[in-house]
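Atom set for the values below is all heavy atoms of this structure, side chains included, hydrogens, waters and symmetry mates excluded. Not measured: the values here are computed from a predicted model.
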Amino acid sequence: MLRERDEVAAFALMMSSDGAVGIAVAAVDDCESAVAMLTDGLRQEAKEGSMVACAVCSPRGSSALMVMLENNENYCADILLPFAGASPREIDMDGILVEDGDVRVFGLVE
């Protein structure tokens, strides 16, 4: 998406227990609304029980992509992927930041 249009929309990836991967894209312009919509959809998928991991990806202005990773055992990470250069955009591999993430989708595992 970045190389073709110089922009990225919020999207989500989900992995099922059999290893299949699905994708969802929010068709709204507001990033916060898109992330909320995607997260709500992932929560519903998690309640159904077949999803084991997910990622919500959203732009941070025009300078980075935030990837929020989570699995059904509450391992979570937030990864900031900064863009390098102008167009076509590439990821600045030296500038990647990884932090502990929050449980957003699966609920706390006891």
Side-chain angles (χ1 to χ4, degrees):
M1 271 191 274
L2 289 173
R3 288 181 191 235
E4 294 171 7
R5 297 186 304 165
D6 207 28
E7 64 184 49
V8 65
F11 65 96
L13 299 169
M14 59 230 83
M15 179 180 283
S16 67
S17 56
D18 66 1
V21 176
I23 186 169
V25 178
V28 295
D29 291 333
D30 175 46
C31 187
E32 283 186 38
S33 297
V35 169
M37 184 182 302
L38 291 166
T39 302
D40 288 345
L42 290 170
R43 281 189 194 114
Q44 185 60 39
E45 290 283 329
K47 286 179 186 176
E48 294 172 10
S50 64
M51 185 174 66
V52 297
C54 64
V56 175
C57 307
S58 61
R60 290 296 184 251
S62 60
S63 63
L65 183 68
M66 175 61 75
V67 180
M68 297 171 284
L69 302 172
E70 183 176 344
N71 75 8
N72 60 351
E73 296 178 349
N74 293 151
Y75 291 105
C76 307
D78 290 345
I79 304 169
L80 185 69
L81 303 172
F83 302 142
S87 186
R89 295 190 190 271
E90 296 178 8
I91 300 297
D92 174 6
M93 301 303 279
D94 293 327
I96 295 174
L97 298 174
V98 180
E99 297 181 347
D100 288 337
D102 296 320
V103 175
R104 297 175 176 98
V105 173
F106 287 96
L108 291 174
V109 174
E110 300 291 324

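Contact between Leu42 and Ala12 at its shortest, heavy atoms only, is CD1-CB, 4.0 Å. In this structure, Ala10 and Ala34 approach most closely via the heavy-atom pair CB-CB, 3.7 Å. The two residues Ala9 and Val25 have their closest heavy-atom pair at CB-CG1, 4.4 Å. When all heavy atoms of Ala26 and Met37 are compared, the closest pair comes out as CB-SD, 4.3 Å.
Within a 6.0 Å sphere centred on CG of Asp18, heavy atoms belonging to other residues, nucleotides or ligands number more than 12. Counting heavy-atom neighbours within 6.0 Å of Asp29 CG, excluding the residue itself, gives a total of 12 or less. For Glu99, the CD atom sits in a loose shell: 12 or fewer heavy atoms of surrounding residues, nucleotides or ligands are nearer than 6.0 Å.
Under the 4.5 Å side-chain heavy-atom criterion for Ile, Leu, Val, Met, Phe, Trp and Tyr, Ile91 and Val98 are members of the same hydrophobic cluster. In the hydrophobic clustering of ILVMFWY residues, with side-chain heavy atoms under 4.5 Å counting as a link, Leu65 and Ile96 come out together. Linking Ile, Leu, Val, Met, Phe, Trp and Tyr whenever their side-chain heavy atoms come within less than 4.5 Å puts Leu81 and Leu69 in one cluster. Hydrophobic cluster membership is shared by Val67 and Phe11, with clusters built from Ile, Leu, Val, Met, Phe, Trp and Tyr side chains linked at under 4.5 angstrom. A continuous path of Ile, Leu, Val, Met, Phe, Trp and Tyr side chains, each step under 4.5 Å between heavy atoms, connects Leu97 with Val56, placing both in one hydrophobic cluster.
Using a 4.5 Å cut-off on side-chain heavy atoms (C-beta onward), Glu73 and Phe106 make no contact. In this structure the side chain of Val105 reaches within 4.5 angstrom of the side chain of Met51, judged on heavy atoms. Within the 4.5 Å cutoff, the side chain of Cys76 has heavy atoms near those of the Val103 side chain. Residues Phe83 and Asp92 form no side-chain contact, since every pair of their non-hydrogen atoms from C-beta on lies 4.5 Å or further apart.
The SG atom of Cys31 sits 5.5 Å away from the CZ atom of Arg60 when rounded to the nearest 0.5 Å. The line from CG of Leu80 to OG of Ser63 is 7.5 Å long, rounded to the nearest 0.5 Å.
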Practice problem: Could you please spell out the steps behind the side-chain contact (heavy atoms from CB on, under 4.5 Å) verdict for Met68 and Val35? | Solution: CA-CA 10 Å; Met68 297 171 284; Val35 169; 4.0 Å; yes

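Between the side chain of Arg43 and the main chain of Arg104, a donor-acceptor pair closer than 3.5 Å is present.
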